Amino acid sequence: MCTRYALEKDLPELKDIFEIALRSSLTSKFIDTHARPLITDGEVRPTDIVPVIAPNAKGVKSVFPMQWGFLARDGKRSLFNARVESAMEKPTFKDAWKSHRCIIPASYYFEWEHFKSADGRVKTGDKYAIQPRGCTVTWLCGLYRIEDSYPVFVVLTKEPTAELSKIHDRMPLMLPKERIDEWISPASDPAEIVPFALSDMVMEKAGVF
C-alpha cells in the first residue's frame, strides 16, 4: 500500500507545480467548503488535498488540487490505493483507468516494514523513505474522478521488487518524468505504459533521507 508520502516545498522541480495549485480557484473552494489547506510541504496523508497533474477539459497537461481518496461503492469507506493488476476490471476504478489517469508529484513515499512475529502475527516495524534511484522527485501514478463536484484520486500500486518485498507486499507505480504526458493522455493505453515503471529504488529509515 501507499498511504503516506512527502512533499518538499523548496524542490525546484515542484515549485512551479505548487504555485499553480495555490493560485487555483478550486483550491480556494476546497478551503471554503472543506476547511482544509492545500498541502505543499511535509507528510501527506489520506484525505489530504494536494497538487496533482492531469489534463484539463481541452486535454492540456495542467495542475489541480485534489483530495486523496475515492468513496467506495458501499458509501461507507474511502479507498486510497488501486491495484494496477485489476484496476481495469474493478467497477470503482475501470472508468478512471480508461481515461482519467493522473500523476501525483512527491519527494518520496513512506512505507512501514511488515514482518511476522514468533506467534505468527504480522507486526509493523521501521518506517522507510523510498524514492527512485537518482531522482529528487517521485512521480506516483494515480486515477482520478469527480465526487460531489470535487476531484479526488487514488494511488496505483503494483507487486514490489525483490528488495522492497522485504518491507511490504506492494509498492506504488512510479514512472520516469518523460512518461507523464503519455500516462495522463486519455488517448493512450495505460497497459502499454505500465512496463516502463521504475523499479530501482533507494530507501532509508525515515529521518535519514
Side-chain angles (χ1 to χ4, degrees), residues 2-71 78-82 87 93 95-110 131-132 135-157 172-188 190 193 196-198:
C2 176
T3 54
R4 293 285 195 282
Y5 68 88
L7 290 171
E8 295 173 302
K9 63 182 179 181
D10 295 327
L11 276 179
E13 275 192 275
L14 295 180
K15 276 190 172 183
D16 288 346
I17 292 171
F18 293 161
E19 289 174 3
I20 293 170
L22 286 166
R23 293 196 303 266
S24 170
S25 59
L26 184 56
T27 295
S28 299
K29 187 179 177 184
F30 262 123
I31 293 171
D32 291 343
T33 58
H34 291 58
R36 306 275 296 283
L38 179 78
I39 304 298
T40 59
D41 194 50
E43 188 166 339
V44 177
R45 297 170 172 80
T47 75
D48 279 347
I49 299 161
V50 293
V52 175
I53 299 170
N56 63 16
K58 296 181 179 179
V60 178
K61 182 171 69 176
S62 305
V63 177
F64 300 92
M66 294 192 191
Q67 187 169 30
W68 190 358
F70 277 19
L71 185 65
S78 292
L79 305 172
F80 306 111
N81 295 145
F93 305 121
D95 289 341
W97 173 262
K98 290 177 184 176
S99 60
H100 288 80
R101 296 179 299 277
C102 60
I103 290 288
I104 304 97
S107 299
Y108 43 86
Y109 78 94
F110 292 115
Q131 66 182 178
C135 297
T136 56
V137 175
T138 303
W139 307 103
L140 302 169
C141 296
L143 308 175
Y144 73 95
R145 70 183 187 189
I146 305 299
E147 292 181 5
D148 296 325
S149 301
Y150 289 93
V152 296
F153 73 93
V154 293
V155 174
L156 285 163
T157 66
L173 180 68
M174 295 163 276
L175 286 171
K177 186 176 182 180
E178 60 267 24
R179 294 285 173 180
I180 290 177
D181 289 6
E182 188 179 4
W183 174 258
I184 68 173
S185 170
S188 65
I193 309 170
F196 294 98
L198 298 173

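Everything numeric in this text was worked out from a predicted model, so none of it was measured.
With rounding to the nearest 0.5 angstrom, the CG atom of D48 is 4.5 Å from the CD1 atom of I39. The CZ atom of F18 lies 7.5 Å from the CG atom of L11; values are rounded to the nearest 0.5 Å. With rounding to the nearest 0.5 Å, the separation of CG in L14 from NZ in K9 is 13.0 Å. From S99, atom OG reaches atom CG of D95 across 7.0 Å, with rounding to the nearest 0.5 Å. In this structure, CG on L156 lies 9.0 Å from CD1 on I103, to the nearest 0.5 angstrom. Here T138 contributes atom OG1 and L7 contributes atom CG; the two are 10.0 Å apart, rounded to the nearest 0.5 Å.
The closest donor-acceptor contact from the side chain of T27 to the backbone of A21 lies under 3.5 Å. S62 places no side-chain N or O within donor-acceptor distance of the main-chain N or O of P55, the cut-off being under 3.5 Å. Under a 3.5 Å cut-off, the side chain of W68 and the backbone N or O of R45 do not form any donor-acceptor pair. Side-chain atoms of E147 do not come within 3.5 Å of backbone N or O of F70 as any donor-acceptor pair. The main-chain N or O of S185 is found under 3.5 Å from a side-chain atom of R101 such that the two form a donor-acceptor pair. For the pair S107 (side chain) and E8 (backbone), a donor-acceptor distance under 3.5 Å is present. In this structure, Q67 contributes its side chain and T47 its backbone to a donor-acceptor pair below 3.5 Å. S188 places a side-chain N or O within donor-acceptor distance of the main-chain N or O of E182, the cut-off being under 3.5 Å.
Judged as a ring pair (Phe, Tyr, Trp, His ring centres under 6.0 Å), not a single pair has a partner in residues 42-62 (not counting sequence neighbours).
Atom CG of D32 is surrounded by more than 12 heavy atoms from other residues, nucleotides or ligands within 6.0 Å.
Y5 has its side chain within reach of V50: a pair of non-hydrogen atoms, C-beta onward, lies under 4.5 Å apart. When side chains are defined from C-beta on, H100 does not count as touching L143, because their heavy atoms never get closer than 4.5 Å. Between R4 and P46, some side-chain heavy-atom pair lies under the 4.5 Å cut-off. Contact annotation: the side chain of P105 approaches that of I53 to within less than 4.5 Å [non-hydrogen atoms, C-beta and beyond]. No side-chain heavy atom of L198 sits less than 4.5 Å from a side-chain heavy atom of W139. No side-chain heavy atom of V137 sits less than 4.5 Å from a side-chain heavy atom of K177. The closest side-chain heavy-atom distance from S24 to L38 is not below 4.5 Å. The shortest distance between side-chain heavy atoms of L175 and I180 does not fall below 4.5 Å.
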Problem - side-chain contact (heavy atoms from CB on, under 4.5 Å) assessment of Y150 paired with I49 - result: CA-CA 11 Å; Y150 289 93; I49 299 161; over 6 Å; no

Practice task
Decide side-chain contact (heavy atoms from CB on, under 4.5 Å) for M174 and C135; before the verdict, give the C-alpha distance in whole Å, the side-chain angles of both, and the deciding distance to 0.1 Å.
Solution key: CA-CA 11 Å; M174 295 163 276; C135 297; over 6 Å; no

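Taking the six-membered ring where the residue is Trp, W183 and W97 present perpendicular rings, their angle passing 60° and hence far from 30°.
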